[in-house]
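Please read these numbers as outputs of a predicted model, since none were measured by experiment.
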Amino acid sequence: VTATDNSGLSASDSIIINYHTSVLAGFVVTSEDVLLTTEDGGRDSLTVRLRSEPTDEVLLPLAVDDSTEGVLTVPVIIGGQVIAGVNVSIDTLRFDPTNWAIEQMVHVTGINDQVVDENTTYSIVLGSAISSDLNYHGMDPADIPVVNSDDDEAGIFVYPLENLFVDELKANVQINVQLESQPTAPVFIPVDVSDANEGSINTYELIFEPDEWETVQFFTVSGVPDFT
């Protein structure tokens, strides 16, 4: 800054102005609008980092709100290298002044429940942050929706269906019946013959309970003598 008086004499001095830029605290979560998993183990991913450097460690709890549909894991990193195909379960992300700007990846993997329940929506719940840095403590990022694609179909498997022969003496045949997915309630399957003069069965109903749905049940078909 230079100043000049009426006689033409001048003097100068310097003024230092410091400009401070402030980046607000926050979490940067990068993912699709809706993550997609499948019951056959298909997975999706998101990444999380801090928006600004904290003064102390920041812990971010995370979980799924339905543990029957998905599980959270993170890749294993040793010596700065990601170990391919190795993941461990995770319930907390940790950030500090040295790694706050590094994106941490989280995988969500679908779980198979054996039940025909159609595609199911659940969420990755990002909890309230814990830190002595009050700019971050208590901050609660938005949860992430996930859809787990169902791979089960209702069905009844009956076997064998070929080369079935009985006679009027003692020969009989066993028919096996099995469900193809877990029901949500007991399943009653009636059994009968189309001509009681030619054949008989040892039971007229099979009952499958939800907790024993994988058990193979059977009935026996026997020939009926007509004495002619």
Side-chain angles (χ1 to χ4, degrees), residues 32-45 63-73 75-76 84-91 106-125 144-228:
E32 298 294 335
D33 291 338
V34 178
L35 299 182
L36 301 176
T37 61
T38 63
E39 288 190 352
D40 62 359
R43 75 181 188 188
D44 211 335
S45 303
V64 293
D65 64 354
D66 188 344
S67 60
T68 67
E69 295 295 340
V71 61
L72 298 179
T73 60
V76 174
V86 181
N87 296 275
V88 294
S89 59
I90 184 71
D91 60 10
V106 178
H107 300 306
V108 56
T109 305
I111 293 178
N112 190 10
D113 56 13
Q114 305 292 341
V115 178
V116 181
D117 55 1
E118 300 183 344
N119 297 343
T120 302
T121 299
Y122 61 109
S123 295
I124 299 175
V125 179
I144 307 298
V146 189
V147 173
N148 194 29
S149 178
D150 188 21
D151 66 351
D152 300 300
E153 294 183 1
I156 300 173
F157 184 39
V158 181
Y159 63 97
L161 293 177
E162 298 179 350
N163 301 320
L164 305 180
F165 300 98
V166 297
D167 60 33
E168 295 182 358
L169 299 176
K170 293 183 178 180
N172 55 41
V173 64
Q174 177 177 300
I175 307 296
N176 302 296
V177 182
Q178 186 174 18
L179 301 187
E180 295 184 359
S181 62
Q182 184 177 12
T184 58
V187 176
F188 300 87
I189 301 177
V191 182
D192 206 345
V193 293
S194 60
D195 189 345
N197 294 319
E198 295 296 335
S200 66
I201 52 179
N202 66 329
T203 184
Y204 288 90
E205 185 177 62
L206 301 177
I207 303 175
F208 291 86
E209 299 289 344
D211 58 348
E212 297 179 347
W213 70 274
E214 292 181 292
T215 301
V216 178
Q217 300 193 36
F218 65 89
F219 61 92
T220 301
V221 183
S222 303
V224 175
D226 56 15
F227 304 106
T228 58

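Between the CG atom in Asp113 and the CD atom in Gln182 there is a gap of 8.0 Å [rounded to 0.5 Å]. The OG atom of Ser200 lies 11.5 Å from the CG atom of Asp195; values are rounded to the nearest 0.5 Å. Atoms CD and CD, on Glu69 and Glu39 in that order, are 6.0 Å from each other to the nearest 0.5 Å. Atom OG1 of Thr109 is separated from atom NE2 of His107 by 7.5 Å, given to the nearest 0.5 angstrom. Rounded to the nearest 0.5 angstrom, Gln217 CD and Ile189 CD1 are separated by 7.5 Å. How far CD of Glu198 is from OG of Ser222: 13.0 Å, rounded to the nearest 0.5 Å.
Pairs engaging residues 186-223 under the ring-ring contact (aromatic ring centres under 6.0 Å, His included) rule: none recorded [sequence neighbours left out]. Note on residues 146-175: pairs passing ring-ring contact (aromatic ring centres under 6.0 Å, His included), not counting sequence neighbours, are Phe157-Tyr159.
In the model, Gln174 has a side-chain atom that pairs as donor or acceptor with a side-chain atom of Asn176 under 3.5 Å. A donor atom on one side chain and an acceptor atom on the other are not found under 3.5 Å apart for Asp44 and Thr37.
Using a distance-only test at 3.5 Å, with no hydrogens or angles considered, no donor-acceptor pair links the side chain of Asn148 to the main chain of Gly110. One N or O on the side chain of Asn119 and one on the backbone of Asp150 form a donor-acceptor pair closer than 3.5 Å.
Considering all non-hydrogen atoms of both residues, Leu35 and Ser45 come closest at CD2-O, 3.6 Å. Scanning all heavy atoms of the two residues, the minimum distance from Pro183 to Pro210 falls at O-CB, 3.4 Å. Considering all non-hydrogen atoms of both residues, Leu206 and Val191 come closest at CG-CG2, 4.1 Å. Closest of all the heavy-atom pairs between Ser181 and Ala154 is OG-CA, 3.6 Å.
Side-chain atoms of Ile111 and Thr68, non-hydrogen and from C-beta on, never get closer than 4.5 Å to each other. At least one side-chain heavy atom of Val158 sits under 4.5 Å from a side-chain heavy atom of Ile175. No side-chain heavy atom of Asn197 sits less than 4.5 Å from a side-chain heavy atom of Val224. The shortest side-chain heavy-atom distance between Val34 and Pro145 falls under the 4.5 Å cut-off. By the 4.5 Å heavy-atom criterion applied to side chains, Thr38 and Asp151 are not counted as neighbours.
Enclosure of atom CD in Glu153 is not indicated, since only 12 or fewer non-hydrogen atoms of other residues, nucleotides or ligands lie within 6.0 angstrom. Other residues, nucleotides and ligands contribute only 12 or fewer heavy atoms inside 6.0 Å of the CD atom of Glu32.
The only option from Leu164, Thr220, Ile201 that meets the side chain to side chain contact (heavy atoms under 4.5 Å, CB included) definition with Asn172 turns out to be Thr220.
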